[in-house]
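Below is one structure, written out as structure tokens; the observations come after it.
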Protein chains: 2
Amino acid sequence: MTAHFNRVVVAGVGLIGGSFAAALKQAGAARHVVGMGRSTGSLQQAQSLGLIDEIATDWSVALKGADLVLLAMPVGQMGAAMQAMAPHLEPQTLVTDGGSTKGDVIEAIYTHLSGHLACVVPAHPIAGAEKSGPSAATPDLYRGRKVVLTPLPENAPHAIDTVRAAWAVCGAVMHQMSPQEHDRVFAAVSHLPHLLAFGLVHDLAGRANAEQLFRYAASGFRDFTRIAGSHPEMWRDICVANRQPLLAELDAYLAELAWLRALLLNADGDGLEKLFAEASAARNAWGAAQ
Amino acid sequence: MTAHFNRVVVAGVGLIGGSFAAALKQAGAARHVVGMGRSTGSLQQAQSLGLIDEIATDWSVALKGADLVLLAMPVGQMGAAMQAMAPHLEPQTLVTDGGSTKGDVIEAIYTHLSGHLACVVPAHPIAGAEKSGPSAATPDLYRGRKVVLTPLPENAPHAIDTVRAAWAVCGAVMHQMSPQEHDRVFAAVSHLPHLLAFGLVHDLAGRANAEQLFRYAASGFRDFTRIAGSHPEMWRDICVANRQPLLAELDAYLAELAWLRALLLNADGDGLEKLFAEASAARNAWGAAQ
């Protein structure tokens, strides 16, 4: 299936939304892109960069005759956006999103878009977020990156196929999981590491000798804590939204640390070396395969 | 003070020892460098690379007329090396080391080199260890990097000055701390992050769905876990040697995680955002100053 859309609405024109718009336009898959957003400045910037063709401030205007909507705001704002768009959503319009968590987005879909469940196909693009805003958007952001679809049981097969084709035309490698599986996997490999890095930096930054500690921090610390420089509001939303799977992962990790603590307390060099060797082998095998 | 040595002995001719030898030679500060070590292969490689002038397999030969000795083996082997060298150490010979922990090295000094305390000046070069072996050695390794001296109360002022000058001639920026302070600082900013990264990878690698988890791990995970690919034996030695300060740091971190857990459990978005914002500001200020 190839994707072609006459009218695409991108709500949130930052890195995720702006790049989706740019990629569809570059591929010739979107004739006209409408940008919606909270910030007039971002919308004007997105228009002047050619990411979008039209600025809309009202869902009733934006959604008229739309083929596809991407919700690309922080996950904490998606419920309100869905509530606002619901009265104006036409039956043929497909909706997808770019949220990093899926359980909470899907809860909002059932709450606010219950009349449109056939057409709303949740998605999570695994694309870096070190930079943000329209100026960071690029048509190549999704090229070779994974996008995970987590379809609803109520989704029409044609809606799933078309949303999948839209992301694929941006260059993404398409994956599919249940929302529960998605949220557990990303709690483990993304949300927990962010929580742990924020926690370490917060712990050290509050010490009386914080300045001395940071003076002697070197390259290992730099890489380990890079994600602690991430956007606080975005990560607040993700952690709150995905708190159940994240708590389960945190508890599993606390059990691991309890074991490490016992090995240290007993000066169990053999036990530590075995654990480090298993971790090192797994990490280096993964790194070599990337 | 400028440093000049007729005869330097480097015990362990890998990244740390080989680079020290190469830097002293390049600066014209060492006339003749003798290499000692466990591995004949490494010693021959170091000689063919021009890092050392002579291979010694016997401390009685190596130490004859030596001005300066660098102990650059893993910290777990330093006690045995000191015991073996003690009978042959001449009164004028200065000794320093490149160990990442200082409390245990100093304990070994008091045990095995008690007759030479004026001349043995412990040091810790903060230089990356992603590569290892003689082929990774370079005269520029220490240029602009910190080297922390942790002198003993018994050290002669002249010994401290000369050892400091030797590291400085390699291009290092010299710092000084008490051994206790050193071990606490590096437990916090280096040893704990390594332990946490090893623990996370070990936890995930042991899961039934480990393959799936690693498949969706992205750039944040890559940086966070880079140090989990470190050398298991080296980190076993460091963790065992520095286990008391490391346990104290681990317990402080566990208290931080208990707080984070409570915030998650209560879905306390404001509390999480405040903590993340403090961490993010501290991390980005530190990163910008590097």
Test: [X] and [Y] ion pair at under 4.0 Å:
X	Y	value
Arg222(A)	Asp223(B)	no
Arg207(B)	Glu249(A)	yes
Arg261(A)	Asp251(B)	yes

Handout entry: Euclidean distance, Gln290(B) CD relative to Phe221(A) CZ, rounded to 0.5 Å
Key =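 With rounding to 0.5 Å, CZ (Phe221(A)) is 9.5 Å from CD (Gln290(B)).
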Practice task
Kindly compute the distance separating CD (Gln244(B)) from CG (Leu265(A)), expressed to the nearest 0.5 Å.
Solution key: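 Output value for this atom pair is 7.5 Å.
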When heavy-atom pairs shorter than 4.5 Å are enumerated against chain B, which of [options] gives the highest number?
options	answer
Arg243(A), Glu233(A), Lys274(A)	Arg243(A)
Ala188(A), Ala217(A), Gly220(A)	Ala217(A)
Asp268(A), Leu272(A), Leu247(A)	Leu247(A)

Contact origin within [X] toward chain B - heavy atom pairs under 4.5 Å:
X	answer
Leu195(A)	both
Leu200(A)	both
Arg215(A)	both
Trp286(A)	side chain
Asp203(A)	both
Thr225(A)	both
Glu256(A)	side chain
Glu181(A)	side chain
Leu263(A)	neither
Leu213(A)	both

Practice task
For atom NZ of Lys146(B), decide whether the heavy atoms of other residues, nucleotides or ligands shown that lie under 6.0 angstrom number more than 12.
Solution key: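 Yes.
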Exercise for the section: Please check if atom CD in Gln176(B) has more than 12 non-hydrogen atoms from other residues, nucleotides or ligands closer than 6.0 Å. Expected result: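 Counting neighbours around CD of Gln176(B), more than 12 heavy atoms of other residues, nucleotides or ligands fall under 6.0 Å, so yes.
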Exercise for the section: For Val240(A) and Leu264(B), run side chain to side chain contact (heavy atoms under 4.5 Å, CB included): C-alpha distance rounded to whole Å, both residues' side-chain angles, the deciding distance at 0.1 Å, then the answer. Expected result: CA-CA 7 Å; Val240(A) 170; Leu264(B) 277 178; over 6 Å; no
Handout entry: Part of Leu196(B) lying under 4.5 Å from any heavy atom of chain A
Key =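 Contact with chain A: backbone and side chain both.
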Practice task
Check the pair Glu273(B) / Cys239(A) against side chain to side chain contact (heavy atoms under 4.5 Å, CB included), numbers first and verdict last.
Solution key: CA-CA 10 Å; Glu273(B) 185 178 359; Cys239(A) 289; over 6 Å; no
Exercise for the section: Output, in order, the C-alpha distance, side-chain angles, deciding distance and verdict of side chain to side chain contact (heavy atoms under 4.5 Å, CB included) for Ile227(A) and Phe224(B). Expected result: CA-CA 8 Å; Ile227(A) 51 180; Phe224(B) 185 83; 4.0 Å; yes
Identify the two heavy atoms, one from [X] and one from [Y], that lie closest to each other, and give their separation to 0.1 Å.
X	Y	value
Pro232(B)	Ser280(A)	CG-CB, 4.1 Å
Phe198(A)	Leu275(B)	O-CD2, 4.2 Å
Ala282(A)	Val201(B)	CB-CG1, 4.0 Å
Ile126(B)	Ala218(A)	CG2-CB, 4.0 Å

Practice task
Determine whether the aromatic ring centres of His175(A) and Tyr216(B) lie less than 6.0 Å apart.
Solution key: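 Under 6.0 Å, so yes.
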Exercise for the section: Heavy atoms only, distances under 4.5 angstrom: which of Ala281(B), Ala210(B), Pro193(B), Ala205(B) has the most pairs with chain A? Name it, please. Expected result: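 Going by pairs under 4.5 Å, I would pick Pro193(B).
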Practice task
Under 4.5 Å, counting heavy-atom pairs only, tell me which of Arg184(B), Arg236(B), His231(B), His194(B) racks up the most with chain A.
Solution key: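 Of the options given, most contacts go to Arg236(B).
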Practice task
List the steps and the verdict of side chain to side chain contact (heavy atoms under 4.5 Å, CB included) for His202(B) and Trp259(A).
Solution key: CA-CA 11 Å; His202(B) 183 260; Trp259(A) 186 22; 3.3 Å; yes
